[in-house]
Enquirer: 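After the structure tokens below, expect a handful of questions from me.
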Amino acid sequence: MSRPMPPLLVALSLMLAASLPAQNPAPAAAPDLSDPEVAHVAVTANSIDIDAGKFAQTRTKNPAVHQFAATMITDHSAVNAQAAALAKKLGVTPADNAVSQSLMTGAAQAHQDLESLKGAAFDRAYIAREVAYHQAVLDALDKLLIPTTENADLKKLLQDVRPAIAAHLEHAKRIQAELGAPAKTAQ
Amino acid sequence: MTFWLWLLLAIGPAPTSHTVEIRGMEFHPAELTVAVGDTVVWINRDLVPHTATGAGKTKWDTGQLAQGDSGRYVARVAGNVSYVCAFHPTMRGKLLVR
């Protein structure tokens with residue numbers, strides 16, 4: 001079994017690569033996301049991690065992994081509730097877009113990869129994905145979502161969410177270290 | 001007169017209440033010195049729920065604190081008390097009870 005880069009990470013990396021001027025001499029290289037689209041990306045990214053956490057809870061037998069999954073469900077649900085309240089307040093309808101769609105495609109692929117795994121192999125794969133996912137989301141927040149958002153309330157929400165994403169990343173890395181390396185690396 | 005003086009001495013210094021703010025996935029201040037009998041109040045300013053949960057021998061827990069909620073702990077015994085957020089193990093704090 002090969003270990004390709006998770007599609008979700010690819011999607012976010014592409015998004016980031018496109019947003020970095022150094023990567024592309026052409027002007028206006030950044031994906032032109034409107035605020036309703038940024039809101040949609042944020043809600044989609046949270047929902048994906050809630051679903052991954054729910055699935056992990058049905059699969060894992062490791063208490064630390066189970067607790068991590070519970071925290072992901074609780075925290076990302078809290079953020080989405082706040083995002084929904086903000087959208088309502090602003091009268092904004094989150095708008096589906098290519099970035100959200102590639103996130104969903106990546107999530108479906110990741111779910112399929114996890115579906116076949118059990119026990120320690122599942123725990124390692126789930127946590128590895130959570131590390132990659134939160135790193136990608138953190139990078140997207142810093143380099144794309146926060147800088148391109150124009151509405152002050154939406155920008156503040158994204159800024160308020162950032163420390164939670166960073167803490168989730170550290171939490172996942174700790175569990176990854178505890179779980180240790182895979183027993184064997186399949187090619 | 002003697003009675004009132006006696007009462008004043010018996011009561012001693014009034015217990016103080018201290019506040020620890022939870023914001024940005026951190027306890028502020030992360031380290032706090034309090035006197036025996038003082039109350040520590042944690043207030044959650046974050047979007048996500050937190051707890052303040054005693055680590056080690058002294059088991060105590062504020063329970064889940066949603067945004068805007070607060071929980072308290074009365075420091076009964078002198079010593080250093082480490083605590084964490086039960087949901088986010090990267091969040092750590094310490095009470096120095098004197």
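Protein chains get the first letters and strands the later ones, always in sequence-line order, with residue 1 at the start of each.
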Enquirer: Are A/M104 and A/V43 connected in the hydrophobic side-chain network, where two residues link if heavy atoms are under 4.5 Å apart?
Expert: no
Enquirer: Is there a continuous path of hydrophobic side-chain contacts, each under 4.5 Å between heavy atoms, that joins B/V36 to B/L95?
Expert: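 Yes, same cluster.
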Enquirer: Let me check something: do A/I146 and A/L86 share a hydrophobic cluster, defined by ILVMFWY side-chain heavy atoms less than 4.5 Å apart, either directly or through other members?
Expert: yes
Enquirer: Is A/V92 linked to A/L158 within one hydrophobic cluster, defined over Ile, Leu, Val, Met, Phe, Trp and Tyr using a side-chain heavy-atom separation of less than 4.5 Å?
Expert: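 Yes, it is one cluster - the side chains of A/V92 and A/L158 are joined through contacts under 4.5 Å.
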Enquirer: So does B/R98 have more than 12 non-hydrogen atoms from other groups sitting under 6.0 Å from CZ?
Expert: yes
Enquirer: For chain B and chain A, give me every donor-acceptor pair shorter than 3.5 Å, distances to one decimal.
Expert:
residue, atom, partner, partner atom, Å
B/F87, O, A/T71, OG1, 3.1
B/H88, NE2, A/D75, OD2, 2.5
B/P89, O, A/R174, NH1, 3.3

Enquirer: Answer with yes or no whether the hydrophobic clustering places B/L32 together with B/W60; edges join I, L, V, M, F, W, Y residues whose side-chain heavy atoms lie under 4.5 Å apart.
Expert: yes
Enquirer: If I compare all heavy atoms of B/L47 with all of A/A78, which pair ends up nearest, and what's the gap?
Expert: O-CB, 3.6 Å
Enquirer: Under 4.5 Å heavy-atom distance to chain A, tell me which part of B/A86 shows up: side chain, backbone, both or neither.
Expert: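 Looking at B/A86, just its backbone touches chain A.
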